[in-house]
Amino acid sequence: MNKIMAVSTGQISQQKDRNITIPLDSSRPFTQVFEPCKKNATIDRYFSFFAGMEADMLETSSYRTPSMHERGMLTMKNRITRKAILLGLALFMTVSAIGCGTQAVTTSTGAEAGKTEQSAAAKTEAPAAEKSEAAAPKEPVKITYPSYRVGVQVSSQTERTLLKEFAEKFGSEVEVVVEELPSDTAYTDKLKILVASNELPDLIDGKNGMLDLAVKSGQAVDLTDYLNADPEYKAEIGDAALNANLRNGKPYAVSMGRQLVGYFYNKELFAKAGIKPAETWDEFMTNCEKLKTAGIVPLSLMTGENAWTTNLLLASIVGTSGDAGNAFMNKQFPASYETPEMIDGLKKIQAMLKNYTTSDALGGLYANAANNFMQGKTAMIANGPWMTPDFANPEKSLPGFDKMVGVSAYPGSGMFNSYEIGYIICSKDKEHADAAFKFLKYKTGIHAQQLALESDGIFPLTDKVPISEELKQTNPLVAETASVGLKAKYNYMFFDVISQANVIDTFAKLYPELAFEKITAEEMVVKLTEAAARNKE
């Protein structure tokens, strides 16, 4: 059924590919006036009715020979009646949304017939103009995205690849404006300023407590509707990964990968000291002493940024200490850190910082700790398989270093098995949120997970991305990490996942004081508890 484009009193003029117009000429019979419309079945049904009205009207007007004055009055009356009938039919056609044939219908007054035809002629040019205007390319939606995966950061190449691919495929729709921040510290410090001013970018990484700050400030976008509208993508992420990022029962972030993390050791340095990977934490401390006696620095630790490598060891000491400690390391936002397991762990960390690490560990960054291990200056580093590609990179590691490295579970048979916090949309309007989700989906889907596995050693979220035989050959440490992780007795999460951002900051601030014995382990857990309590204020 065709739509009626417009109706006004007057005449209906016919134009090719536009409208059929029929003049409301009271001197012409209805059979001629509406002949163009008779092929429309609905109008045809009313054709006889109005034609009958015309015949009755003519019969009434000729029942006797009228005077000249009467003929004039009668003619005027007939014309008025005929126009009323014609307008009635036109209005009926409009209300019923019935067109003449395949065209639309418009009407205009007889006095404006000329204007209407001129206007109609002018309108023949309108579609071309409208088409030209519609063809004008729409500007892509710009979204802001800060990234610390830059420079020599372990995932920087994957980041560049995904950004380049996305621009090639979707650049006409979405433009990603990247702000490069050189380190975790620079990234977190910048976002803390932006969250306080309610100016978070369109898409951010939720690490170091940023997810909870974004949710608490009301800037994080609930992803429920986006995920439900795309079940295929939702399956690529998996329920376990989505549940790990729930806040108040709602998904606010999407992970890019799953982390199985043990620790790496230099097999040649272990052989020189006559040791093997420790099975208990007491044996681990003994190994450190043997390495030191052999003139080898045992550990790559760091207390700057989020104290990453140091906190991995502390979390593993706590997480493998028994059921209570393991439950602590699997509980989000503990209210108190004053537990026997935490105190024992901090005492061991204190000894490591004092006796078994490099001189640049206190206040040092991840880059310092990683470089010390890859240059053969230390025997062990707690870190994940995303580091393994760097072992074969001659610009970062000693020649043949990848052949020197082994991987182990932590003493007590412990292994981190945790999903990344992932990415959060913080757009202020739906247009930008939609664009940010398009980028988020590309950055975390199966293709991105496959790329992260092969390039960075980051495990995929589900079994939809298997570990290929080729990868096992080119990066055996990734396959070995997976094997070791599946056999571990204890699994647990990172402090970065279970603790708020200000608690992580407190760890980094207090570790140097702990190393210099300005505070005790017992005093440090109290300060950590106080930091956690401030999140409730």
Side-chain angles (χ1 to χ4, degrees), residues 143 145-146 187-188 191-231 233-259 306 315 327-337 417-430 432-441 443-444 461-462 491-506 528-537:
I143 61 170
Y145 169 66
Y187 184 85
T188 304
L191 291 190
K192 284 180 180 177
I193 294 172
L194 295 177
V195 74
S197 60
N198 200 42
E199 292 294 336
L200 282 175
D202 291 296
L203 190 72
I204 66 171
D205 190 309
K207 68 183 299 178
N208 297 345
M210 287 313 305
L211 170 58
D212 299 288
L213 290 175
V215 172
K216 185 178 180 179
S217 67
Q219 296 178 68
V221 174
D222 179 2
L223 301 177
T224 301
D225 290 342
Y226 287 108
L227 294 169
N228 289 342
D230 197 337
Y233 169 65
K234 187 177 180 181
E236 293 177 7
I237 305 303
D239 290 339
L242 290 174
N243 291 339
N245 283 308
L246 294 179
R247 295 295 185 271
N248 305 319
K250 298 177 181 179
Y252 284 99
V254 177
S255 301
M256 182 180 181
R258 180 166 53 101
Q259 297 171 335
N306 59 346
F328 181 89
M329 288 309 306
N330 282 288
K331 180 181 180 181
Q332 195 174 61
F333 306 146
S336 174
Y337 289 78
N417 189 343
S418 180
Y419 294 96
E420 293 180 345
I421 292 292
Y423 298 95
I424 316 158
I425 296 175
C426 299
S427 301
K428 292 181 172 59
D429 59 72
K430 190 175 186 304
H432 286 81
D434 290 349
F437 182 75
K438 196 175 192 72
F439 180 49
L440 167 64
K441 179 179 174 181
K443 205 170 188 309
T444 57
L461 300 174
T462 70
N491 290 136
Y492 38 86
M493 297 189 290
F494 309 105
F495 276 113
D496 289 64
V497 174
I498 72 167
S499 301
Q500 298 97 332
N502 67 319
V503 176
I504 299 299
D505 291 343
T506 304
L528 291 169
T529 300
E530 291 172 350
R534 285 196 288 274
N535 290 284
K536 298 180 181 179
E537 297 174 358

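- Of the possible polar contacts, none joining the N491 side chain to the N417 backbone as a donor-acceptor pair under 3.5 Å is found.
- Looking only at atom types and distance, the side chain of S217 has a donor-acceptor partner in the side chain of Q219 under 3.5 Å away.
- Side-chain contact, Y187 with N208: no donor N or O sits under 3.5 Å from an acceptor N or O.
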Worksheet item: What do the steps show when you test D205 against K443 for salt bridge (charged side-chain N to carboxylate O under 4.0 Å, His left out), and what is the final call?
Response: CA-CA 12 Å; D205 190 309; K443 205 170 188 309; over 6 Å; no
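- By the neighbour-count criterion of 12 heavy atoms within 6.0 Å, atom CG of N228 is densely surrounded, having more than that number from other residues, nucleotides or ligands.
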Practice prompt. Go through the steps for L203 and F439 under the test side-chain contact (heavy atoms from CB on, under 4.5 Å), then give the verdict.
Written response: CA-CA 9 Å; L203 190 72; F439 180 49; 3.5 Å; yes
Worksheet item: Under the salt bridge (charged side-chain N to carboxylate O under 4.0 Å, His left out) criterion, do K430 and D434 qualify, and how do the steps go?
Response: CA-CA 6 Å; K430 190 175 186 304; D434 290 349; 2.9 Å; yes
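- Of all heavy-atom pairs between A532 and N502, the closest is N-ND2, 4.5 Å.
- The distance from the CG atom of D239 to the NZ atom of K234 is 6.5 Å, given to the nearest 0.5 Å.
- Annotation: K428, atom NZ; neighbour count of heavy atoms from other residues, nucleotides and ligands within 6.0 Å is above 12.
- Put simply, CG on D230 and CG on L223 are 12.0 Å apart, with the number rounded to the nearest 0.5 Å.
- Here the side chains of I504 and F495 are in contact, with some heavy-atom distance below 4.5 Å.
- Nearest heavy atom pair, residue A214 against residue L200, reads CB-CD1, 3.9 Å.
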Item to complete: Begin with the C-alpha distance, continue with both residues' side-chain angles, and end with the deciding distance and a verdict on side-chain contact (heavy atoms from CB on, under 4.5 Å) for Q500 and K216.
Response: CA-CA 12 Å; Q500 298 97 332; K216 185 178 180 179; over 6 Å; no
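- A side-chain donor-acceptor contact under 3.5 Å links D222 to the backbone of T224.
- Separation of atoms CG (D505) and OG (S499) is listed at 11.0 Å; rounding is to 0.5 Å.
- One N or O on the side chain of T529 and one on the backbone of Y337 form a donor-acceptor pair closer than 3.5 Å.
- Closest non-hydrogen pair, S427 versus V221, comes out as O-CG2, 3.9 Å.
- With no hydrogens or angles considered, a side-chain donor-acceptor pair links T444 and Y233 at under 3.5 Å.
- For the pair Y423 (side chain) and K441 (backbone), a donor-acceptor distance under 3.5 Å is absent.
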Discussion item. Walk me through whether D496 and K207 qualify under salt bridge (charged side-chain N to carboxylate O under 4.0 Å, His left out).
Written reply: CA-CA 7 Å; D496 289 64; K207 68 183 299 178; over 6 Å; no
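- The SG atom of C426 sits 10.5 Å away from atom CG of L213, with the distance rounded to the nearest 0.5 Å.
- The two residues K192 and A501 make their nearest non-hydrogen contact at CE-CB, 4.5 Å.
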Fill in: F437 vs I425, side-chain contact (heavy atoms from CB on, under 4.5 Å): CA-CA, chis, key distance, verdict
CA-CA 7 Å; F437 182 75; I425 296 175; 3.7 Å; yes
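- For S255 (side chain) and E420 (main-chain N/O), a donor-acceptor pair under 3.5 Å exists by modelled atom type.
- The ring of Y492 has its center no closer than 6.0 angstrom to the ring center of F328.
- When each of I237, L461, N243 is checked for a side-chain contact (heavy atoms from CB on, under 4.5 Å) with Y419, only L461 meets the rule.
- Side-chain contact between N248 and V215: present, with at least one pair of heavy atoms (C-beta onward) separated by less than 4.5 Å.
- Rounded to the nearest 0.5 Å, atoms CD1 (I204) and CD1 (I421) are 11.5 Å apart.
- L211 and I424 get closest at one heavy-atom pair: CA-CD1, 3.4 Å.
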Worksheet item: Could you go step by step and tell me if F494 and M329 meet the side-chain contact (heavy atoms from CB on, under 4.5 Å) rule?
Response: CA-CA 7 Å; F494 309 105; M329 288 309 306; over 6 Å; no
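- L227 approaches L242 most closely through the heavy-atom pair CD1-CD2, 3.9 Å.
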